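Just so we're on the same page: letters track the sequence lines, and every chain starts at 1. As the structure is a computational prediction, the values presented were derived from the model and not from experiment.
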Amino acid sequence: MNDSIKNNTGIVHLITSIYANRPWLLAQLGVVLLLPWGWAVFVMPPWVSAVCAGLLLPAFLMGIRYLIAPIFARRRAIDDESLSPDQVFDMRAQNLGKMGLDPQTLRGDLGALHGTLGKWQDTSHDSSSSVGHATQGVGEVISQTEQAVIELSKSFRGITVKTRQQMETAMSMLRRNEDGEDDENSDSAWVSLPDYIHAYERQLQEVIESMVKFSMASDEMFQHQTQMRDQSVLIDEMVDELRSMAIHIGRLALDTSMVASDSGGDRDRLVQLTDSIRGISDQTLGLTRNVRERLETIRDELVVTYKVINRAAITAKESAQRAKADVSQLNVTMIEKSKEVEAALTKINSLGKEIQQDVNNAIIAMQFQDITQQKLEHMRGNILSNVIQNLDLLSAETQEMMKRDIFRALKAETERQNSLQTR
Amino acid sequence: MARILTVDDSITMRQMINFTLSDAGYSVTEAGNFDEAMAQAALSKFDLVICDLNMPGKNGLELVKTLRAMPEFRFIPILMITTEQREETKAAGKAVGVTSWIVKPFNPTALLETLKKLLK
């Protein structure tokens, strides 16, 4: 009973299997069995048709049992562990013979397939290991790159800050005071280059003006000195007159003395008076001589002073003229230098803008690096893990496949042949 | 000096933003993810928020949504800086309250101009 149930269950399972794999085979069997019944329906009485229909099902099952089942039984034998490798090969050989294939060739091809599967297993195992190393390597690259970018970013920041300071310092030389260049009372902490040039020019102008004033003062002194010389000539003339008057008084005293000696009486008294007048005259003459000597001394001093003042005035005039010319030349030179400095600073400013542009480009480049890094991380996190999983799965499946009967049989056959050859 | 909160999981990107904004005179505070950003938001007041879209854990859109629910962040500009440039994502950002959208890699000059406009 149990065997019967087992057989029926086996047939149902077999029909299901055949239907799944070869539906056309069942269809062919059905058509073959239905054809006589179809004919009987039209020519035979109904009870004969009913009997035929009743017989169809057992005929169908018998057809499967004895015609189709053996074919599938041989095919299923590869999964049947109770069969020996030799039995498997015999069964295969029967089928192959029917299909026109050489078992020897198939054995060779299967051997090659086995070898390839073995290689594939090894390769997938190695690849899984390599991908694991690659994942680790990518992680290290990401970490090192990130560190490098952070360091680079720090240095980069330092460089740009210093460059900006340098540029601002240079540019401040060209900057005027906030209240304007003419604001002299500004309390600005620094003096710009144009302000410095302006102040220097103003100082030079003041020096020239002072020298011109000094020259004018020396001219005035010269005028006064001329007047003094004129006055000294007048005094000299007056001294001459005083001298002549003293001589004249002396003569008068002498004449008075002679008149007194001739007249007798008060002669003694007149002689005393005359002597006294002569004494005064002598004193006057001495005084006049002294005054003349002093005047000559003063005149000599005046001549020396005149010479010195004249020389100073000439020197001052020449200096003023030279300074004026120098300042003019200096102004031209300073303006030219100032323009050169301005051009240089403008160039520095332009370079600063270019540096800023380079900084922007570097920032964009670093962002590209960061985006690449994030993509690498994504690849490491998802894609490489999936690849490892797939490779491991493939490796496991290959390993399972290689355990199947056909390959075990092949291996046993190979070993058997090897042992035969050894004998 | 405007105070800006920068939220990005990439330290490099945060540094680049920080460098650009600090150089222009802004005060910058950094956060690496949603939680850090919320901690900073609870601690200080900000005039503008810059955030990335794709971050581990809660993303930029969730951050914007959460910030917009806070009274002190309801009206401040929020700028999204991301590699994402699909219109539907931008629309989703706008729906949760993103004020402006800049695609990475950003140009520092363009970023500063955008900030100037947003902070007016």
Side-chain angles (χ1 to χ4, degrees), chain A residues 138-169 171 349-385, chain B residues 1 4 6-34 50-61 63 79-86 89 100-116:
Chain A
V138 168
E140 284 172 8
V141 167
I142 288 168
S143 168
Q144 284 173 2
T145 313
E146 193 175 54
Q147 197 58 38
V149 167
I150 290 167
E151 291 300 321
L152 187 67
S153 167
K154 281 180 191 168
S155 309
F156 173 70
R157 186 171 189 163
I159 289 166
T160 48
V161 167
K162 282 171 191 167
T163 307
R164 172 155 298 144
Q165 282 175 353
Q166 201 175 18
M167 194 177 76
E168 280 176 1
T169 308
M171 289 310 294
N349 189 28
S350 156
L351 280 171
K353 283 177 184 167
E354 284 176 21
I355 287 169
Q356 187 60 49
Q357 188 57 43
D358 289 342
V359 166
N360 287 356
N361 291 340
I363 288 174
I364 292 169
M366 282 188 187
Q367 289 178 69
F368 271 121
Q369 181 280 330
D370 186 69
I371 292 165
T372 310
Q373 185 179 318
Q374 285 190 343
K375 283 183 178 168
L376 269 176
E377 275 177 5
H378 172 73
M379 191 176 85
R380 185 184 62 160
N382 297 337
I383 300 171
L384 289 179
S385 296
Chain B
M1 189 189 341
I4 295 171
T6 308
V7 191
D8 200 306
D9 59 313
S10 162
I11 188 168
T12 308
M13 198 58 72
R14 287 205 307 271
Q15 279 196 338
M16 290 300 106
I17 294 172
N18 192 341
F19 173 71
T20 306
L21 301 189
S22 305
D23 210 36
Y26 295 104
S27 165
V28 184
T29 305
E30 294 182 16
N33 53 41
F34 178 90
I50 296 174
C51 74
D52 185 21
L53 178 66
N54 298 312
M55 290 187 287
K58 290 186 177 176
N59 66 19
L61 294 180
L63 175 65
L79 175 63
M80 189 70 80
I81 297 186
T82 175
T83 49
E84 188 66 62
Q85 48 188 327
R86 284 179 299 176
T89 318
S100 189
W101 196 282
I102 286 183
V103 176
K104 286 181 189 173
F106 68 84
N107 184 310
T109 312
L111 173 65
L112 290 174
E113 281 173 7
T114 307
L115 285 191
K116 209 179 277 180

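Look at B/Lys104 and B/Asp8 and you find a salt bridge, because one of the NZ, NE, NH1 or NH2 atoms lies within 4.0 Å of a carboxylate O, short of that distance. The pair B/Glu84-B/Arg86 meets the salt-bridge criterion, with a side-chain N (NZ, NE, NH1 or NH2) lying under 4.0 Å from an Asp/Glu carboxylate O.
Heavy-atom distances place no part of A/Gln357 under 4.5 Å from chain B, backbone and side chain included. Using a 4.5 Å cut-off between heavy atoms, B/Asp9 touches chain A through its side chain atoms alone. Of the two parts of A/Asn360, the backbone and the side chain both hold a non-hydrogen atom closer than 4.5 Å to a non-hydrogen atom of chain B. Using a 4.5 Å cut-off between heavy atoms, A/Ile363 touches chain B through backbone and side chain atoms alike. Of the atoms belonging to A/Gln374, it is side-chain heavy atoms, and not backbone ones, that fall under 4.5 Å from chain B. With a threshold of 4.5 angstrom between heavy atoms, B/Thr83 approaches chain A through side-chain atoms but not through N, CA, C or O.
Counting heavy atoms from C-beta outward, B/Ile4 and B/Ile50 have side chains that approach closer than 4.5 Å. Residues B/Asp52 and B/Asn59 are not in side-chain contact: their nearest non-hydrogen atoms beyond the backbone lie 4.5 Å or more apart.
Put simply, the side chain of B/Thr114 gets close to the backbone of B/Ala110: a donor and an acceptor are under 3.5 Å apart.
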